[in-house]
Each structure stands twice: as C-alpha cells, then as structure tokens.
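Some notes on the structure that comes next.
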Amino acid sequence: MSGRVAALQPVTLVLGGARSGKSGFAESLVTQAAPSWLYIATGQAWDAEMGERIARHQDRRGDGWTTIEEPLDLASVLKRESRPDRPVLVDCLTLWLTNLMLADKSVDLEVDALLAALPGLAGPMVLVSNEVGLGIVPENAMARAFRDHAGRAHQKIAAIAETVYFVTAGLPLKMKG
Amino acid sequence: MSGRVAALQPVTLVLGGARSGKSGFAESLVTQAAPSWLYIATGQAWDAEMGERIARHQDRRGDGWTTIEEPLDLASVLKRESRPDRPVLVDCLTLWLTNLMLADKSVDLEVDALLAALPGLAGPMVLVSNEVGLGIVPENAMARAFRDHAGRAHQKIAAIAETVYFVTAGLPLKMKG
Amino acid sequence: MSGRVAALQPVTLVLGGARSGKSGFAESLVTQAAPSWLYIATGQAWDAEMGERIARHQDRRGDGWTTIEEPLDLASVLKRESRPDRPVLVDCLTLWLTNLMLADKSVDLEVDALLAALPGLAGPMVLVSNEVGLGIVPENAMARAFRDHAGRAHQKIAAIAETVYFVTAGLPLKMKG
C-alpha cells in the first residue's frame with residue numbers, strides 16, 4: 001500500500017491567493033497518492049459566510065476522507081494522527097495563524113512547534129496556505145502583524161518542504177522540488 | 001490571411017496585478033497575430049481617474065484597432081463580432097465582473113454564458129484580467145464577494161484556455177500552454 | 001578581484017511581497033559576488049514598528065557591509081558610490097517611492113533619473129522592491145497612486161535589468177535573464 005503514497009513527498013506546501021484553486025489542487029495531490037486521507041480543517045464557522053465556505057469545501061470532498069477540526073494545536077494532532085498509508089491535508093495555515101493570534105498565543109512558538117514536528121511524522125502531508133503579502137500595506141495594525149506572521153511562517157516551512165507550489169487560477173507553478 | 005493568426009490559440013488568458021503591464025503584453029500578442037484587431041473595452045468612465053486611464057490605454061493603441069465598449073453582455077458581443085482574421089482583445093474581465101455586480105446581475109450565470117460562448121467563436125481572443133486575491137482579506141463585504149467572483153471566473157476560464165500567462169513588471173510567465 | 005563579481009549582472013531586480021524573503025535573497029546574491037558590499041537603505045524610522053524592522057534588517061547583515069541611508073536622491077548616491085569591486089544593494093524601491101510622494105517630488109521624473117543613471121554605473125547592483133498590485137483596489141486615493149507608481153517603475157526597471165526575480169516564501173523564480 002505504501003507504494004501508492006510514494007509520489008507524495010513528506011512535506012508539500014501549496015500557496016495561493018483567495019479563490020486560486022489551491023485547496024482543489026492540494027486535494028488532487030492527496031487523493032492521487034492513496035485511497036484514504038485525513039483532512040485537518042483549521043477553520044471555525046464564526047459566521048454565515050465562513051460556514052458557507054466550509055460547507056462548500058466539504059461538499060467537494062467525498063468518501064475516503066476523515067475530517068478533524070483543529071483550530072490551534074496542529075503539531076499535536078499531526079503527531080497523533082499521521083500514518084504512512086494515509087496522507088494528511090491541512091487547510092489552511094493562514095486560518096490557523098489567525099486563530100492563534102485571536103487566542104493570544106505566541107505565533108512564533110507555535111510555528112516552531114509545527115516545524116519541529118514535521119520531519120518526524122509517519123506519513124506525507126500537504127499544507128495549504130494563503131499568500132497575503134502582495135497587496136498594499138494594510139492600514140490595520142493587526143492585519144500587518146498577521147501578514148508578517150504568515151510570510152515568516154511560509155518562508156520557514158518552504159525551507160524544509162520537499163515541494164512547494166504556487167497556484168493561480170487553478171494552475172500550479174512548482175517553486176521547489 | 002488566417003495563417004497570420006496561427007500563432008494565437010483560440011483562447012488566451014492574461015492575468016496580472018495593477019500596473020503589471022498585462023494590457024501592453026496582451027496587445028502585443030494580438031497585434032503580432034494579424035493586421036487588424038478588435039478591442040472590447042469593458043470599462044466605463046465613471047470618474048476623472050478612470051477616464052484618464054481609459055484615455056491612456058487608447059493613446060497606446062493605434063491604427064488597425066476597432067474599439068467596442070461593452071460593460072455587460074460580453075458573450076453576445078463576442079459571438080457577433082468574432083472573425084477568423086481579426087483577433088479580439090477583451091480588457092478587462094475584472095471591470096466586467098464589477099459592472100455585473102453593480103448592475104445586480106447574476107455573476108455566475110454571466111460567467112457561464114461567457115464560458116459557453118468561448119469554444120464556438122470564429123476567431124482567436126485574448127482575455128485580460130486582474131489578479132486581486134493575493135492581499136489581506138478585505139474588510140468590505142462587497143470587495144470579498146468581488147474577489148471570490150474574480151477568482152472563480154479565472155479558474156473556470158483558465159481551465160478551458162489553451163494558454164495562460166501571469167504578468168509581473170511587464171514580464172510574462174507562461175502558466176499553461 | 002573583479003572576477004568575483006562576474007556572476008552578478010549590472011542590474012538585478014528582486015520583486016516580492018511583504019515577508020517574502022526578498023531582502024534575504026537579494027543579500028545572498030550580493031554577498032556571494034564579492035567580499036564587501038554597499039547597502040543603500042531608503043527606509044526612515046518614522047515609528048517604532050518601522051524602527052524595529054530596520055533594526056532586524058541590520059542585525060541580519062554583518063561585517064563587510066557599508067550602509068548609507070538615502071530616502072530621496074537614489075540616482076546621485078548610486079553614481080557617486082558605485083565601484084566595480086563593491087556590489088550595491090538598494091532596499092527598497094517602494095519605500096523610496098513612498099518618500100518621494102510624501103516629499104511632493106515628481107515620482108516620474110525621479111524614476112527617469114534613476115533609469116538614466118543605471119546603465120552607466122561602475123559596478124553591479126541589486127534593487128529590491130515590493131510587489132503591491134495583486135490585492136483588491138485600495139479605497140485610499142494615495143494608495144492607488146502609489147500602486148500605480150510602483151507598478152510603472154517596476155515595468156521600466158525590469159525592461160532594462162538583465163535579471164529579474166520574483167520571490168515567494170523565500171523561493172526565487174527567475175522571470176528574466
């Protein structure tokens with residue numbers, strides 16, 4: 001069975017803008033690699049708009065998926081749930097960073113905990129995240145802080161990932177690997 | 001005559017940010033393919049700033065161009081005006097989506113009408129659009145809705161386009177084709 | 001000695017978003033090319049947040065660097081300081097454009113002065129700039145004007161640069177050269 005996961009490297013990072021097709025592309029990577037998969041959703045259904053998005057994501061996925069919702073402690077869930085025959089899709093890191101900021105956690109410590117966990121996991125994983133740093137400097141200080149956290153986290157994860165994609169209009173561009 | 005248009009595929013999508021040089025690049029694709037061209041302008045001169053932009057675009061173009069302004073019904077104009085020996089440049093899809101939203105049209109239905117029209121057109125066309133999803137989540141709900149519409153439209157059009165470019169600083173990166 | 005700078009073309013433009021790793025990548029280009037380097041900082045420490053960023057940048061650099069702060073007259077400093085054996089790193093053009101706007105200078109004239117100076121410089125240089133045009137249209141008119149200035153400056157500089165990179169998550173994508 002493990003041969004079917006061979007095409008997927010231990011750590012793949014999929015970056016893209018809003019509605020770029022990054023999640024659909026990441027799902028295709030994971031589903032082509034094995035017959036069953038773990039989906040770790042970091043999003044929380046705060047409001048109707050977010051609830052609708054989560055529902056739309058769930059509709060697109062089908063059988064073979066196990067879903068776990070984890071807004072904060074990504075490293076522990078990954079360590080507990082990673083298996084050689086079941087690739088993991090984490091969607092998405094930017095919501096996780098938002099959750100950490102709203103919960104007054106140290107984002108840097110949590111990102112470091114994730115980085116420490118990644119190399120030792122039993123099976124492959126695909127991490128999805130939003131690129132948010134290519135617009136005008138936000139006027140809101142929290143948005144600027146978030147943008148800084150996201151950019152630094154992306155750099156650190158990209159440095160240890162075997163494969164990095166940048167997705168635009170549903171089209172993946174391989175940046176690494 | 002048709003041999004001169006051979007280099008241009010039926011559908012080309014040119015994505016890029018604001019002032020990325022995407023329009024100038026798209027114009028160069030079209031003008032290299034044939035001696036006369038149709039420019040479909042979706043922009044409307046609401047205010048002085050927009051009027052200035054449209055004038056600047058017009059200045060850059062020269063003889064050989066026929067211009068049609070169409071803020072809303074892109075599919076009908078394309079079906080009526082497309083000819084094998086005259087490539088079409090549509091600039092830009094994001095303004096068209098904005099116009100549809102302001103006119104309270106169903107953006108999804110209009111995008112689907114465009115998608116249905118594209119494969120049957122008589123001649124080649126180049127569609128220009130703004131990538132707007134790579135900044136911080138906008139605080140304004142309409143801006144978020146617009147960003148979602150644009151991203152979804154880009155994915156759908158990129159899926160059927162033969163060629164897709166992403167332009168930065170005037171430099172085209174071929175994403176597909 | 002000059003052979004050690006051979007790997008660096010006369011003009012290299014490094015574009016990227018906020019926290020994209022563009023400065024670190026640009027520094028690596030410069031430090032690999034020679035044993036001593038000139039850093040031209042265009043930023044000014046207006047407030048605590050900006051002061052912190054400048055300090056963080058300074059920490060990362062070490063011996064071998066000479067630093068000059070020049071918020072406005074980039075062309076003159078480059079002409080005066082450029083030497084064949086000492087590559088120059090300018091970080092960053094977007095702060096320089098901001099400074100010009102705040103000082104009520106003609107941005108177009110200043111960009112043209114820079115463009116006129118670049119081809120005649122004695123040594124190689126790497127220019128870093130923020131890509132800011134890939135988000136939603138800003139509501140603030142000055143932000144829109146800034147975005148237009150930045151995009152136009154990037155196009156002009158990219159046209160004469162031998163090498164252009166676009167950096168995301170610390171990963172450089174070569175757009176030209």
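Side chains are part of it too, since the values below use all heavy atoms of this structure and drop only hydrogens, waters and symmetry mates. In the text below, chain A, chain B and the rest are named by the order of the sequence lines, each starting its count at 1.
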- Message: Non-hydrogen contacts under 4.5 angstrom with chain B: give the residues of residues 167-177 of chain A involved, or none if there are none.
- Response: A:T168, A:A169, A:G170, A:L171, A:L173

- Message: Is it the case that atom CD in B:E162 sees more than 12 heavy atoms from other parts of the structure closer than 6.0 Å?
- Response: yes

- Note on the structure: Note: A:R19 and B:R152 closest approach over all heavy atoms is CB-N, 4.0 Å

- Note on the structure: Max heavy-atom pairs within cutoff under 4.5 Å with chain B, candidates A:G16, A:S20, A:G24, A:G133, goes to A:S20

- Query: Among A:L134, A:N140, A:I136, which has the most heavy-atom pairs under 4.5 Å with chain B?
  - Reply: A:L134

